[in-house]
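Since we're looking at a predicted model, the values are computed, not measured.
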Amino acid sequence: MSEASALPGAPRIGSPAGPATERATCVLAPNPSAMTLDGTNTWVLAEPGSDLAVVLDPGPDDETHLRHVADTVERSGRRVAYTLLSHGHQDHCGGAARFAELTGAPVRALDPRLRLGEEGLADGDVLTAGGLELRVVGTPGHTTDSLCFLLPADNALLTGDTVLGRGTTIIAHPDGRLGEYLASLRTLRRLTEEEGVRTVLPGHGPVLRDALGVIDYYLVHRAKRLAEVESAVEDGYRTAPEIVAHVYADVDRAVWPAAELSVLAQLDHLRAHGLIPDGEDAP
């Protein structure tokens with residue numbers, strides 16, 4: 001067994017950039033960081049032989065990247081039918097308005113404030129473009145407006161920030177909610193089993209070849225972290241920074257500020273279920 005295949009989700013070795021499935025190609029944005037991993041994965045999706053493409057998450061407002069995405073579509077002999085947003089964080093949607101200018105294509109999102117055009121997105125929508133079919137899956141938790149997209153012809157799931165190619169995602173408190181996120185993971189697990197999903201095409205990090213394995217890993221990880229936070233409160237740790245320093249001691253300090261958001265979301269969840277008293281999350 002290779003080192004990569006032993007990791008959660010069996011990540012594909014190498015850069016996420018380039019073809020990932022028959023219908024999905026990644027254009028990697030030049031915004032690597034501790035939070036964005038290799039950078040934002042912009043996905044160009046198209047049915048073989050079609051003259052239309054769909055773009056998911058044009059990425060940050062970086063002119064070079066946006067032109068690269070537009071050129072990738074044009075070089076394939078296609079035009080962009082519409083652009084989709086997995087959620088409203090700037091590393092995914094910051095360049096959407098400029099990309100719409102470059103391509104003339106509308107932007108569809110769950111959040112009406114992010115749309116450019118008349119059509120939005122909702123859980124259960126079935127989208128088509130030149131023979132390509134995508135199914136919209138509502139997956140709130142990382143953010144309220146988070147969406148995933150099932151690509152049934154490739155047995156693949158585009159997950160935005162709900163499932164990453166490496167590590168785990170944050171719950172972006174106060175917008176993100178842990179209870180919703182856990183329910184979304186269970187939804188994805190059920191969908192993965194029912195639809196035979198094998199591949200995860202994430203918003204950051206490498207392509208994953210074991211969809212069920214990574215979702216199960218996420219569920220176990222979340223349960224473990226929640227128990228650790230509850231224990232930390234019982235041991236007298238009170239503020240989010242104190243809990244992060246104790247529970248996330250093995251995590252890169254560069255992501256501790258984001259981890260504080262997840263801790264606040266976990267404290268809200270524990271309090272809502274009566275597992276800790278009110279007032280245990282003073283920042």
K.L.:
Test of understanding: with ring pair (Phe, Tyr, Trp, His ring centres under 6.0 Å), list the residues that count as partners of His269, not counting sequence neighbours.
P.N.:
His273
K.L.:
Is a side-chain N or O of Asp51 found less than 3.5 angstrom from the main chain of Gly130, in a donor-acceptor match?
P.N.:
no
K.L.:
Please test Leu134 against Leu150 for side chain to side chain contact (heavy atoms under 4.5 Å, CB included), starting from the C-alpha separation and ending with a verdict.
P.N.:
CA-CA 6 Å; Leu134 293 166; Leu150 177 66; over 6 Å; no
K.L.:
Ion pair present between Glu74 and Arg79, side-chain N to carboxylate O less than 4.0 angstrom?
P.N.:
no
K.L.:
Would you say the side-chain atoms of Arg78 pair up with the backbone N or O of Ser50, donor to acceptor, closer than 3.5 Å?
P.N.:
yes
K.L.:
Within this structure, what is the CD-CG distance for the pair Glu47 and Leu52, rounded to the nearest 0.5 Å?
P.N.:
11.0 Å
K.L.:
Do Pro277 and Arg271 have side chains that approach each other closer than 4.5 Å (heavy atoms only, starting at C-beta)?
P.N.:
no
K.L.:
For the pair His68 and Thr72, evaluate side chain to side chain contact (heavy atoms under 4.5 Å, CB included) and give the outcome as yes or no after the intermediate values.
P.N.:
CA-CA 6 Å; His68 186 194; Thr72 297; 3.6 Å; yes
K.L.:
Is the backbone N or O of Gly120 less than 3.5 Å from a side-chain atom of Arg108, with the two atoms forming a donor-acceptor pair by type?
P.N.:
yes
K.L.:
With the threshold set at 4.0 Å, does a side-chain nitrogen-carboxylate oxygen contact exist between Arg189 and Asp216?
P.N.:
yes
K.L.:
Side chains of Met35 and Ile170: closer than 4.5 Å at any heavy-atom pair?
P.N.:
yes
K.L.:
Check whether Arg238 reaches the backbone of Val233 with its side chain - one donor and one acceptor, N or O, closer than 3.5 Å.
P.N.:
yes
K.L.:
Test Glu119 against Arg115 for salt bridge (Lys or Arg N to Asp or Glu O under 4.0 Å), laying out the working first.
P.N.:
CA-CA 8 Å; Glu119 294 187 283; Arg115 300 171 187 169; over 6 Å; no
K.L.:
What do you reckon, is CZ of Arg113 surrounded by more than 12 foreign heavy atoms closer than 6.0 Å?
P.N.:
no
K.L.:
Suppose we screen for side-chain hydrogen bond (donor to acceptor under 3.5 Å, both in side chains). Which residues come up paired with Asp57, at least two apart in sequence or across chains?
P.N.:
Ser86, His92
K.L.:
Return yes if some donor-acceptor pair links the side-chain N/O of Ser184 with the main-chain N/O of Pro140 below 3.5 Å, else return no.
P.N.:
yes
K.L.:
With side chain to side chain contact (heavy atoms under 4.5 Å, CB included) as the test, pick out the partner of Phe149 among Thr139, Leu56, Leu45, Val54.
P.N.:
Leu56
K.L.:
Would you confirm whether Asp125, through its side chain, and Val136, through its main-chain N or O, come within 3.5 Å as a donor-acceptor pair?
P.N.:
no
K.L.:
Leu121 pairs by side chain to side chain contact (heavy atoms under 4.5 Å, CB included) with which of Asp111, Leu147, Leu114?
P.N.:
Leu147
K.L.:
If you take all heavy atoms of Trp43 and Leu158, which pair is closest and at what distance?
P.N.:
CG-CD2, 3.6 Å
K.L.:
Could you check Asp91 against Asn31 for side chain to side chain contact (heavy atoms under 4.5 Å, CB included), going step by step and ending with a plain yes or no?
P.N.:
CA-CA 8 Å; Asp91 56 320; Asn31 61 333; 3.8 Å; yes
K.L.:
Looking only at heavy atoms, what is the nearest atom pair of Tyr82 and Thr128, with distance?
P.N.:
OH-O, 3.0 Å
K.L.:
Could you tell me the separation between the CG atom of Asp61 and the CD atom of Gln90, rounded to the nearest 0.5 Å?
P.N.:
8.5 Å
K.L.:
Are Pro106 and Thr83 packed together at the side-chain level, in the sense that at least one heavy-atom pair is separated by less than 4.5 angstrom?
P.N.:
no
K.L.:
When you group the ILVMFWY residues by side-chain heavy-atom contacts below 4.5 Å and let the links chain together, are Phe99 and Val27 in the same group?
P.N.:
yes
K.L.:
Inspect the contact between Asp154 and Arg198 and indicate whether a charged nitrogen and a carboxylate oxygen are less than 4.0 angstrom apart.
P.N.:
no
K.L.:
Going from CD on Gln266 to CD on Glu228, what distance comes out if it is rounded to the nearest 0.5 angstrom?
P.N.:
9.0 Å
K.L.:
Given the rule that I, L, V, M, F, W and Y join up when any side-chain heavy atoms are under 4.5 Å apart, are Val197 and Leu127 in one cluster?
P.N.:
no
K.L.:
Mind listing the closest non-hydrogen atom pair of Tyr218 and Thr162 along with its distance?
P.N.:
CE2-O, 3.5 Å
K.L.:
Taking Leu261 as the starting point, is it possible to reach Trp256 by hopping between hydrophobic residues whose side chains are less than 4.5 Å apart?
P.N.:
yes
K.L.:
Report the residue from Thr143, Asp145, Asp175, Asp161 that forms a side chain to side chain donor-acceptor pair (under 3.5 Å) with His87.
P.N.:
Asp161
K.L.:
Under the side chain to side chain contact (heavy atoms under 4.5 Å, CB included) rule, what do Arg225 and Val247 come out as? Steps first, then yes or no, please.
P.N.:
CA-CA 8 Å; Arg225 280 291 192 227; Val247 172; 3.8 Å; yes
K.L.:
Do the non-hydrogen side-chain atoms of Val55 and Val73 ever get within less than 4.5 Å of each other?
P.N.:
yes
K.L.:
Is the shortest side-chain heavy-atom distance between Arg135 and Pro152 below 4.5 Å?
P.N.:
yes
K.L.:
Answer yes or no for Arg253 and Tyr248: cation-pi contact, defined as NZ/CZ to six-membered ring centre under 6.0 Å and angle to ring axis within 45°.
P.N.:
no
K.L.:
Would you please name every residue forming a salt bridge (Lys or Arg N to Asp or Glu O under 4.0 Å) with Glu118, sequence neighbours left out?
P.N.:
none
K.L.:
Please confirm whether the backbone N or O of Ala17 pairs with a side-chain atom of Asn41, one donor and one acceptor, at under 3.5 Å?
P.N.:
no
K.L.:
Test of understanding: clusters of I, L, V, M, F, W, Y form through side-chain heavy atoms closer than 4.5 Å, transitively. Do Leu28 and Leu66 belong to the same one?
P.N.:
no
K.L.:
Calculate, to the nearest 0.5 Å, the distance between atoms CG and CG belonging to Leu164 and Leu208 respectively.
P.N.:
9.0 Å
K.L.:
Side chain of Glu242, backbone of Thr239: donor and acceptor closer than 3.5 Å?
P.N.:
yes
K.L.:
Quick one: closest heavy-atom pair of Gly39 and His204, and the distance?
P.N.:
O-ND1, 3.0 Å
K.L.:
Between His65 and Pro58 (side chain of the first, backbone of the second, donor and acceptor by atom type, cut-off under 3.5 Å), is there such a pair?
P.N.:
yes
K.L.:
Does any N or O in the side chain of Ser262 come within less than 3.5 Å of the main-chain N or O of Ile171, such that one atom is a donor and the other an acceptor?
P.N.:
yes
K.L.:
Search all heavy atoms of Gly213 against all heavy atoms of Asp210 and return the closest pair with its distance.
P.N.:
N-OD1, 2.9 Å
K.L.:
Take atom CZ in Arg177; do more than 12 heavy atoms of anything else shown fall under 6.0 Å from it?
P.N.:
no
K.L.:
Can you name the closest pair of heavy atoms from Ala105 and Val80 and give their distance?
P.N.:
CB-O, 3.5 Å
